[in-house]
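None of the values given here were measured: they were computed from a predicted structure.
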Amino acid sequence: MDAHHVPTGDLGSDYVQPADRPAAWAAMAAGLANDGRTTSQIADALCVDEPTATRLLALAGRAA
């Protein structure tokens with residue numbers, strides 16, 4: 001899943017299992033960072049605080 005993914009098809013087809021969510025959110029954070037977004041903008045886009053956005057970027061192997 002990328003940061004620009006628009007769901008299509010059946011409702012719930014993009015459901016992410018709870019155990020897979022950290023990796024999915026990290027991938028979204030990395031995608032936003034690749035688009036040139038700041039940590040603050042990434043936090044806003046993902047509805048998390050900045051420390052969480054920083055942790056997600058670290059999980060994705062990206063420096064904040």
Side-chain angles (χ1 to χ4, degrees):
M1 176 186 294
D2 68 0
H4 301 291
H5 181 74
V6 177
T8 58
D10 296 331
L11 184 63
S13 63
D14 291 333
Y15 178 79
V16 177
Q17 293 291 330
D20 297 332
R21 290 177 188 168
W25 291 337
M28 286 186 271
L32 291 167
N34 288 338
D35 289 343
R37 303 272 186 102
T38 66
T39 303
S40 177
Q41 291 169 328
I42 292 167
D44 287 345
L46 298 179
C47 299
V48 298
D49 59 17
E50 285 189 49
T52 300
T54 299
R55 286 193 299 275
L56 289 169
L57 290 169
L59 181 62
R62 301 237 353 163

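- Using modelled atom types, one side-chain atom of T54 and one backbone atom of E50 make a donor-acceptor pair closer than 3.5 Å.
- Each of I42, N34, L32 was compared with R62 under the side chain to side chain contact (heavy atoms under 4.5 Å, CB included) criterion, and only N34 meets it.
- Contact record, A60 with A26: CB-O, 3.5 Å, taken as the closest heavy-atom pair.
- Rounding to the nearest 0.5 angstrom, the gap separating the OG1 atom in T39 from the CG atom in D44 is 11.0 Å.
- When all heavy atoms of W25 and L56 are compared, the closest pair comes out as CB-CD2, 3.9 Å.
- Nearest heavy-atom pair, L57 versus A33, reported as atom, atom and distance to 0.1 Å: CD2-CB, 3.9 Å.
- Following chains of ILVMFWY side-chain contacts shorter than 4.5 Å, one can reach M28 starting from V48, so the two form part of one hydrophobic cluster.
- Residues satisfying the side chain to side chain donor-acceptor pair (under 3.5 Å) test with S40, not counting sequence neighbours, are none.
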